[in-house]
Structures are given as C-alpha cells and as structure tokens.
There are 2 protein chains.
Amino acid sequence: MIRRFRGESLHKVDAKGRVSVPAAFRRVLEEGDPDFSRGSSPNFVIVYGGVRGDCLEGYTISSISKVDKLISKLPRFSKDREMLERFINTQSTYMQLDETGRIVLSYRLKEKIGIRDEAIFAGMGEKFQIWEPKNYQNELNALDTSFKNLSEDENPFLKLDQLQD
Amino acid sequence: MIRRFRGESLHKVDAKGRVSVPAAFRRVLEEGDPDFSRGSSPNFVIVYGGVRGDCLEGYTISSISKVDKLISKLPRFSKDREMLERFINTQSTYMQLDETGRIVLSYRLKEKIGIRDEAIFAGMGEKFQIWEPKNYQNELNALDTSFKNLSEDENPFLKLDQLQD
DNA sequence: TGCTATCCTATGGGATATCATGGAATTTTA
DNA sequence: TAAAATTCCATGATATCCCATAGGATAGCA
C-alpha cells in the first residue's frame, strides 16, 4: 500500500519554532524518502510561495522529485521553466524531521502564513498543508460556501466517476 | 537523493566583496563537484553574461558540464554554437568557496548586476541566481503579474501534467 | 477484567555545533 | 613597496542535538 496524507491535527509551536509533525504523516514521509532507513529521519520539502500564499505545503522527496523531473524536461531558459522553478524551487526548502518527529519553522516561514504558537496540519493525499488555525477555519468555511453554490454538473464528486474507465 | 538548489536568502556583501553562500547551497555544490573531498572546498562556475544581464547564475561543475555537452552537439562554426559559447563559456568564471563558505564578487561582477552591500541568493533547481535585492523584488513582482495574466491553457502548472506519460 | 509494564507521542529546557559576518594578519602582485 | 587579494582568527546569532517528562495507548498477564 502507498500511504497518503490523511487527517488533520493541531500542534503547539514553541518559542524556537519547533512543531511536532503528526505521527501518521511521518510514516508517509519515511516511505516517500528513498534515502530513509530505520534509525534515521526522513527528509522532505516545504513549498511556501507561489499560488497559495496562505499555507505551507509539504511534499515527500519522491513526489517533489516527480515534479522536478517534469520541470527539467522543459527547455532550459524557457519562460515556463523559469516560472515553475521560481515557484517550486526558489520558494521552497528542504526539511528534516528530528528524532522526536519535529521540524522547526523559521521566523520567515511562520511570518509567511501568520503562525504564532499553534499550527494545523491537514492531509491532502500526496501533500500536506500547514495552516494558522483561524485561517484554516476560514478556508474551510469558504470552501463550504463555494461548494454549496455549485450547480449539479459542476459538482466534482459527480465528475469523479466520469473519469473512471 | 540528488539535491537541488532550493530556497532564497539575503546576505551581506562586505567591502572586499565577500559574501556567504547559503549553507544549503554549499551541500549541492559539494555534491556537484566530482573533485570535491571532505576537508576541501568545492569549485563551481558563475555565468554572468548572456540571456539575463540582471543576475549572476551559479552552476555546479556537473550541471555546467551538461550544458557544455549540449553546446558541443551543435555544428561547429554555426552561429548558434558561437553565440552560446560566447554566453556560457566566455562570460563565465570558475569560483571556489573559501573555508568559511564565502566567495568574493569582484568589482566587475558586482557592477554587472548592480550589487552594493547585499545580495539575494535564489535556488533554481540545477542552478542558482544572485540578485541585487531591489531588482529581485521587481523580478518577483513581474513574474507574479505575468502569471496572473496567463490564460488557463498557458498555465505552466497545468502544462506540467500534460508532459506526464 | 483490572493491573502493570512498555512503547510512542507531544512537548519543554539546556548544551553544543554551525552559520554569517567582521577585522586583523599575511601573502601576492603589479 | 603600496595596493590588492587571500588567509587566518574572532564572535554573536541561530539552528541543531541531546536529554527529560508526562500523558495516552497498547499489550501482556494474572
């Protein structure tokens, strides 16, 4: 089975910026790091810029590598490639869990998404997100409203089965 | 895992032109220098001419070799090859980190991109860039605007998924 | 089915190493 | 030999490591 990021949880951020990554997510990060071995700590990547400025997004090494590989296929110096690299490479950073399963969010990262002393982790399948709790709630509410306003044939749940073949 | 240049950071440039290269980038430079050994300092290449006159671009030895190889495939004496060699080979220079992880930017290099006493390092996957901070901000803003003005089918993120297969 | 031992998780504090940066000393070079 | 470049120390700030604790969950056992 390939594990995916599932669930949401709230964690304290201490004075040094340290936060526990949910235990369930650690298993996914371990599986997604080709260099991980029992006894060590997995690496992964946090993307902080780009399309969404309101949360951080965590990717396993293997899933970000897929993206990196696709980008490398684009012609060097092309506008598309530069743009993607700016969003995916420049505005991101390698991270490593410590032995107790924590990471440290630098001042810059915390500031970027308005985090003070608590953070919400939300599983999103191939990636996870880190939110300031209030912003997260707003995001959920907004999503709810926009979902309710969809017409029948815009409903993504229904579109899902049409993809199937 | 093959590390890539990720993240961005601001560094002071002192009177002698010395700047710290971000610690994370040093690891990539070390990995990318076939002659590197523990205890020594990695070599790499800075390209200052060519396509973009507004920033410097740093390549690991192994990634500049890839580019060199591509250029060698072009017909000798062709205009294209001549041009690329001028930009990539002529307008570039070998560099070596010192023991504290710094390089020195000569007056010429600083002048080229308008740097005075601060420099931004930006990871771009297989290479990194060095910018004068204000110019960098302008670059980011311009990128943002042009991204927002893209039509659906011009969105490089969406194109990425089409490459897949 | 209640008790206890064990493990894992979340969190905190202090010690230590690394990083970014500045200045002095020394070598090179024109 | 003066200017420029390189090497060698120095230091505060930051990040990393190491240890400690408390609560929850699980498992084994009587």
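Order of the sequence lines sets the chain letters (A, B, ...), proteins ahead of strands, with each chain counted from 1. Hydrogens, waters and symmetry mates play no part in the numbers below; they use all other heavy atoms, side chains included.
Side-chain contact, R108(A) with S106(A): no donor N or O sits under 3.5 Å from an acceptor N or O.
Proximity of residues 110-136 of chain B to DNA chain D (heavy atom under 4.0 angstrom from any strand atom) is not detected for any residue.
Side-chain heavy atoms closer than 4.5 Å link hydrophobic residues (I, L, V, M, F, W, Y) into clusters, and following such links, possibly through other members, connects V47(A) to L160(B).
A distance-only check finds no donor-acceptor pair linking the side chain of D33(A) to the backbone of I61(A) [under 3.5 Å]. With hydrogens and angles disregarded, a donor-acceptor distance shorter than 3.5 Å links the side chain of S146(A) to the backbone of L143(A). The backbone N or O of N141(B) lies less than 3.5 Å from a partner atom in the side chain of T145(B), making a donor-acceptor pair. Under the 3.5 Å distance criterion, the side-chain polar atoms of Y94(A) are matched with a main-chain donor or acceptor of R4(B).
Between D98(A) atom CG and dA15(D) atom C1' the separation is 12 Å, expressed in whole Å. Put simply, CD on E99(B) is 14 Å from P on dT6(D), counting in whole angstrom units. Here dT14(D) presents its C1' atom at 13 Å from NE2 of H11(B), a figure rounded to the nearest Å. Put simply, CG on L105(B) is 13 Å from P on dA5(D), counting in whole angstrom units.
Residue R108(A) is out of contact with every strand shown, counting any heavy-atom pair closer than 4.0 Å. The residue V21(B) sits close only to the backbone: its heavy atoms come under 4.0 Å of sugar-phosphate atoms, none of a base.
Counted within 6.0 Å of CZ on R86(B), heavy atoms from surrounding residues, nucleotides or ligands total 12 or fewer; the atom is thus considered open.
From the 5' end on, the contacts that DNA chain C makes with chain B at under 4.0 Å to a non-hydrogen atom open and close at dC19(C) to dA24(C).
Looking at K16(B), its side chain comes within 3.5 Å of the base of dT6(D) through a donor and an acceptor atom.
Between R27(A) and E30(A), at least one side-chain nitrogen of the basic residue sits less than 4.0 Å from a carboxylate oxygen of the acidic one, meeting the salt-bridge criterion.
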Mind listing the side-chain donor-acceptor pairs of residues 68-75 of chain B below 3.5 Å, one per line with the distance, residues two or more places apart or on another chain?
unit_1, atom_1, unit_2, atom_2, d
S72(B), OG, D68(B), O, 2.8

Compile the donor-acceptor pairs under 3.5 Å between side chains in residues 111-129 of chain A and protein atoms, sequence neighbours left out, one pair per line.
unit_1, atom_1, unit_2, atom_2, d
K127(A), NZ, E57(A), OE2, 3.2
Q129(A), OE1, W131(A), NE1, 2.9
Q129(A), NE2, E57(A), OE2, 2.8

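Heavy-atom nearest nucleotides on DNA chain C were determined for K12(B) and for P22(A), and the one closer to the 5' end corresponds to P22(A). Residues R102(B) and L97(A) both approach DNA chain D. Their nearest nucleotides, taken by heavy-atom distance, put R102(B) toward the 5′ side.
End-to-end axis angle for the helix from dT1(C)-dA30(D) to dA30(C)-dT1(D), using five pairs per end and rounding to 10°, comes out at 30°.
In terms of the side-chain contact (heavy atoms from CB on, under 4.5 Å) criterion, residue partners of S62(B) (sequence neighbours excluded) are, by chain and number, T60(B).
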